[in-house]
Trainee: 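This is the structure I have questions about; it appears just below.
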Amino acid sequence: MEELNDRKLKSLLKDSRVEMPFSDFESKLMTRVKTELHGRRSVVKSIRLSWLFFVMGAFFGLALNILLPWMPFELAGISLHFIKYPILLITLVVIIWQLDEMIRLTLRHKRHKRLS
């Protein structure tokens, strides 16, 4: 009886062995995992660089708007002193719009990272 159970157990274990679908299946799978990890790291790096360049651009734009009216030249016969407020308004609208997009991008990435 014991021998019969051993044979049945061996037969069941032999049938339960999973064969790899392809000989290079494991290496392809590991390559894919490494590629996805590298892709995630590059997304994080890109988001950090985006924030860096956003802050630099916002600072440069605001500094230019503050310093521009002090420069003694005219644009198409109009003194820069008269058009500083429309230029400042446009700059602020662009900064706020880009800040909103950067926050959404960062939150979307964090949400996606949390779900996966």
Side-chain angles (χ1 to χ4, degrees):
M1 179 91 169
E2 178 103 11
E3 197 173 308
L4 181 63
N5 285 339
D6 284 344
R7 273 192 253 140
K8 284 183 180 180
L9 182 61
K10 284 181 184 180
S11 144
L12 284 172
L13 288 175
K14 187 185 284 184
D15 291 342
S16 69
R17 188 182 329 174
V18 177
E19 293 292 327
M20 293 293 215
F22 306 105
S23 60
D24 60 343
F25 176 76
E26 185 176 358
S27 64
K28 283 185 178 180
L29 183 63
M30 292 310 291
T31 304
R32 185 174 171 195
V33 168
K34 287 178 185 176
T35 304
E36 286 189 25
L37 283 176
H38 177 69
R40 287 183 185 167
R41 288 184 192 130
S42 70
V43 167
V44 170
K45 185 178 177 181
S46 296
I47 290 176
R48 286 181 182 158
L49 281 173
S50 297
W51 274 105
L52 173 70
F53 287 114
F54 167 74
V55 169
M56 287 173 45
F59 177 75
F60 178 72
L62 290 174
L64 192 64
N65 274 297
I66 291 170
L67 297 176
L68 205 57
W70 295 95
M71 298 191 180
F73 64 90
E74 295 181 358
L75 183 67
I78 301 173
S79 173
L80 290 178
H81 206 65
F82 293 114
I83 60 172
K84 71 178 181 181
Y85 292 115
I87 292 174
L88 183 62
L89 180 66
I90 291 170
T91 304
L92 288 176
V93 167
V94 169
I95 288 173
I96 291 170
W97 171 49
Q98 289 300 311
L99 179 63
D100 179 53
E101 291 297 320
M102 290 297 300
I103 290 171
R104 286 182 189 194
L105 176 69
T106 305
L107 291 177
R108 190 178 325 127
H109 174 71
K110 284 185 178 182
R111 193 175 324 124
H112 178 70
K113 184 178 166 183
R114 194 173 6 145
L115 291 177
S116 56

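Just so you know, these numbers come straight off a predicted model, no measurement behind them.
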Trainee: Please tabulate, for the side chains in residues 86-99, all donor-acceptor contacts under 3.5 angstrom to protein atoms that are two or more places apart in sequence or on a different chain.
Mentor:
residue: T91; atom: OG1; partner: N65; partner atom: ND2; Å: 2.8
residue: T91; atom: OG1; partner: I87; partner atom: O; Å: 2.8

Trainee: Using every non-hydrogen atom in the two residues, find where I47 and M102 come nearest and quote the distance to one decimal.
Mentor: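 For I47 versus M102, the nearest heavy atoms are O-CE, 4.2 Å.
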Trainee: Less than 4.5 Å apart, any side-chain heavy atom of L105 and any of H109?
Mentor: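 No, too far: nothing below the 4.5 Å cut-off.
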Trainee: Please write out which residues are connected to L67 in a hydrophobic cluster, directly or through intermediates, given that two of Ile, Leu, Val, Met, Phe, Trp, Tyr count as joined at side-chain heavy-atom separations below 4.5 angstrom.
Mentor: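 Listed partners: none, L67 stands alone.
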Trainee: So which residues get pulled into F53's cluster when ILVMFWY side chains under 4.5 Å apart are joined, directly or through others?
Mentor: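 L49, L52, M56, listed by chain and number.
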Trainee: Going by side chain to side chain donor-acceptor pair (under 3.5 Å), name the pairs with one or both residues in residues 50-63, residues two or more places apart or in two chains.
Mentor: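 The answer is W51-T106.
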Trainee: Give me each pair satisfying salt bridge (Lys or Arg N to Asp or Glu O under 4.0 Å) with a member in residues 86-103, each pair once, sequence neighbours excluded.
Mentor: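 Residue pairs passing salt bridge (Lys or Arg N to Asp or Glu O under 4.0 Å), neighbours aside: D100-R104.
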